[in-house]
Participant: 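After the structure tokens below, expect a handful of questions from me.
Residue indices begin at 1 and follow the sequence shown. Read the numbers this way: they start at 1 and go in the same order the structure lists the ligands and their atoms. Side chains are part of it too, since the values below use all heavy atoms of this structure and drop only hydrogens, waters and symmetry mates.
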Amino acid sequence: MSIKDDFWECINFPHGANPINYALEKIGEPEAYRLAPVESLMPRSQLEARANSLSRIHGRGRQPPHTDGAHQERPPKFILLWSENATTAHATTHIRRLDISLLTPGFWRKLSDSVWMVRASATRFHYRRVVESDELLRWDSGCFQKCIVGNLSANEVDQELEKIPAAEFSWSSTCALLLDNRRVLHGRSDATNEVNDNRIIKRVSIYER
Ligand SMILES: [Fe+2]
């Protein structure tokens, strides 16, 4: 499996090391990319979650398939995720390669035509299309809301995208997950079990310059 063929890949790295350089080596052309600071992600209840996020809707429950940074002008090209304290008991991450042959043509056409309202704050919002080509999607039902143009609801989009068969990624402390962020949709599985209280996933967003 390689990032070029399947658009997601396990990056092996030594326990305790930082996988970023290993990932950049795999991607190649490091000068073409800009890295955001490392973030630490933990399961959040609805009350703890920030506004316009999937956790505000689903809490520690299962997240629907999504793109990271979908609301941004240019979402990250790649996402690198890893765990320093992984156990196989931690919630897995589901991964779906965007393959429109697995979607009904009617749904893809409607999605391509649709325009969504993206909330940046309580008083600021803008409008976005979510399909940029048959291979590039940005989607996050946490921050995209139905607006007048288009006849799909965010729930319907989630349900249709869920029909793409998923790979389940189990976390280990020596395998980082590198995702081609707009060709692969991902989401955390249910993390309500307290074993996930210490599930911390590190994330680096990798942007094209
Ligand atoms: Fe995510």
Side-chain angles (χ1 to χ4, degrees), residues 3 6-11 19-20 23 27 33-46 48-86 90-98 111 116 118-120 128 130-132 136-145 154-155 157-162 164-172 175-192 196-208:
I3 193 76
D6 287 289
F7 310 124
W8 67 276
E9 182 162 357
C10 163
I11 305 288
I20 295 174
I27 293 168
Y33 299 97
R34 172 177 67 80
L35 273 60
V38 178
E39 300 166 89
S40 293
L41 310 173
M42 297 175 73
R44 299 262 182 234
S45 68
Q46 285 175 299
E48 297 165 320
R50 62 176 172 75
N52 310 316
S53 69
L54 287 171
S55 298
R56 182 59 76 89
I57 300 170
H58 302 280
R60 292 173 54 141
R62 188 177 177 286
Q63 295 176 341
H66 65 275
T67 310
D68 277 357
H71 61 289
Q72 297 171 8
E73 181 70 34
R74 293 174 67 203
K77 167 70 174 158
F78 297 107
I79 298 289
L80 181 66
L81 302 167
W82 72 97
S83 169
E84 291 166 356
N85 65 344
H90 282 162
T92 57
T93 291
H94 52 86
I95 304 164
R96 288 173 171 76
R97 177 177 167 178
L98 178 66
L111 190 61
W116 298 81
V118 185
R119 278 216 173 276
R128 278 227 184 285
V130 295
V131 173
E132 279 149 273
L136 285 182
L137 176 69
R138 60 167 84 206
W139 177 251
D140 179 342
S141 55
C143 61
F144 289 175
Q145 293 171 26
N155 260 342
V157 177
D158 281 348
Q159 284 168 17
E160 288 295 324
L161 294 175
E162 295 264 11
I164 300 174
E168 292 291 333
F169 184 82
S170 290
W171 291 95
S172 91
C175 176
L177 180 57
L178 179 62
L179 300 173
D180 191 329
N181 186 40
R182 288 155 75 193
R183 297 173 201 260
V184 168
L185 296 152
H186 70 278
R188 188 202 63 220
S189 61
D190 186 292
T192 47
N196 291 294
D197 288 355
N198 71 348
R199 181 188 188 271
I200 301 173
I201 300 295
K202 303 279 187 183
R203 174 174 68 188
V204 169
S205 298
I206 303 172
Y207 294 87
E208 285 171 308

Participant: Using a distance threshold of 2.8 Å, what protein N/O/S atoms lie below it relative to the Fe ion (ligand 1)?
Facilitator: H66 NE2, D68 OD1, H186 NE2
Participant: Any donor and acceptor pair, going by atom type alone, linking the side chain of R199 with main-chain N or O of A91 inside 3.5 Å?
Facilitator: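 A pair under 3.5 Å: yes.
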Participant: Could you list the residues that satisfy salt bridge (charged side-chain N to carboxylate O under 4.0 Å, His left out) with E39, not counting sequence neighbours?
Facilitator: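 Checked E39 against salt bridge (charged side-chain N to carboxylate O under 4.0 Å, His left out); matches are R203.
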Participant: With a 3.5 Å distance limit and no angle check, can you tell me whether R138 reaches the backbone of A70 through a side-chain donor-acceptor pair?
Facilitator: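 Yes: the side chain of R138 pairs with the backbone of A70.
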Participant: Which one of K77, R74, Q72 satisfies the side chain to side chain donor-acceptor pair (under 3.5 Å) criterion with Y207?
Facilitator: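 With Y207 as partner, side chain to side chain donor-acceptor pair (under 3.5 Å) holds for just one option, Q72.
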Participant: Indicate yes or no: does R60 engage D190 in a salt bridge with an N to O separation below 4.0 Å.
Facilitator: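 Salt bridge flag = no for D190 with R60.
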Participant: With rounding to the nearest 0.5 angstrom, report the NE2 to CG distance, H186 to L179.
Facilitator: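 The distance works out to 6.0 Å.
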